[in-house]
Student: 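Take this structure, written in structure tokens, and hold onto it; I'll ask about it next.
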Amino acid sequence: MLNFNNPAAYAKLQLCAFEAGMNINLLRLRSADASRDNNSLSLGYFALAFPLKSKKAGLGFGIVPLSNVGYSIYDYQVNSLNNVELHAYEGSGGLNQFFVSSGFTPIKNLTLGLTASTLFGNLVQERRVEFNDISFLNTRLTDTRSVRGFYFTAGMQYTLDSLRISRSEEHTSEL
């Protein structure tokens, strides 16, 4: 299992590691007079890591989603002129992270690591008011945000040798 939070853990890789996850959403909405299904299947994430030198240095890369937006809300209202208005609120998009991580062992039991990541994605929010009467003008407001960014994460890991910390029963009986 890969550690996405601490890049120093990549230094201890002995074999190639691959992880992937799938997202499945099964949604059924029901009201008194209608029913609607909304199902989806998508790749959740993937990562590949491999040792550069067994238990001394490793490298990995992958892509993981950080957020996901997906909603549709419809509300019918009657205005003061007794006309029906549809108020619609919709959102879509999400943010993703592509990363490259590396870890190495500078001295025994200590590993250090660094991850370089880029964030990317779009978030779209739309609000609409629609009328059944053609004498009214429909309105629509769309807000689109494009996100791009780059950042680094550092990590450190120290492994304690449990045999050196506490003597075994065999060693204590000889004293």
Student: Hey, does the side chain of Asn6 reach the backbone of Met156 with a donor-acceptor pair shorter than 3.5 angstrom?
Tutor: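 Such a contact is found between Asn6 side chain and Met156 backbone.
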
Student: Given side chain to side chain donor-acceptor pair (under 3.5 Å), test Gln97 with Ser117 step by step and report yes or no.
Tutor: CA-CA 6 Å; Gln97 173 193 21; Ser117 299; 2.8 Å; yes

Student: Please check if the side chain of Ser67 supplies one atom and the backbone of Leu95 the other of a donor-acceptor pair under 3.5 Å.
Tutor: yes

Student: Should the ring pair Phe98 and Phe61 be called parallel, tilted or perpendicular, given that the plane angle runs from 0 to 90° and is split at 30 and 60?
Tutor: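 Tilted: the ring planes of Phe98 and Phe61 meet at 30° to 60°.
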
Student: Closest approach of Tyr10 and Asn3, non-hydrogen atoms and distance?
Tutor: CE1-O, 3.6 Å

Student: Could you check whether Tyr89 and Tyr74 have their ring centres less than 6.0 Å apart?
Tutor: no

Student: In chain order, what residues pass the side chain to side chain donor-acceptor pair (under 3.5 Å) check against Glu85, with sequence neighbours excluded?
Tutor: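 For Glu85, the residues satisfying side chain to side chain donor-acceptor pair (under 3.5 Å) (neighbours in sequence not counted) are Asn79, His87.
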
Student: Show the nearest heavy-atom pair for residues Pro65 and Asn96, with the distance to one decimal.
Tutor: CA-OD1, 3.6 Å

Student: For Leu81, what are the other residues in its hydrophobic cluster, where any two members join if their side-chain heavy atoms are less than 4.5 angstrom apart?
Tutor: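 ILVMFWY cluster around Leu81 also holds Val129, Phe131, Phe136.
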
Student: Could you check whether Thr115 and Ser101, counting side-chain N and O atoms only, form a donor-acceptor pair closer than 3.5 Å?
Tutor: yes

Student: I'd like to know if the side chain of Asn39 and the backbone of Leu27 have a donor-acceptor N/O pair within less than 3.5 Å.
Tutor: yes

Student: Report the C-alpha separation of Ser35 and Asp37 in whole Å, then their side-chain angles, then the decisive distance to 0.1 Å, and conclude whether the side chain to side chain donor-acceptor pair (under 3.5 Å) test is met.
Tutor: CA-CA 7 Å; Ser35 175; Asp37 290 338; 4.7 Å; no

Student: State whether a side-chain donor-acceptor pair under 3.5 Å links Thr159 with Asn109.
Tutor: no

Student: Salt bridge check: are Glu90 and Arg127 linked by an N-O gap of less than 4.0 Å?
Tutor: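 Between Arg127 and Glu90 there is no salt bridge, as every charged N stays at least 4.0 Å from the carboxylate O atoms.
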
Student: Indicate the atoms forming the closest heavy-atom contact of Gly113 with Pro7, along with that distance.
Tutor: C-CG, 3.6 Å

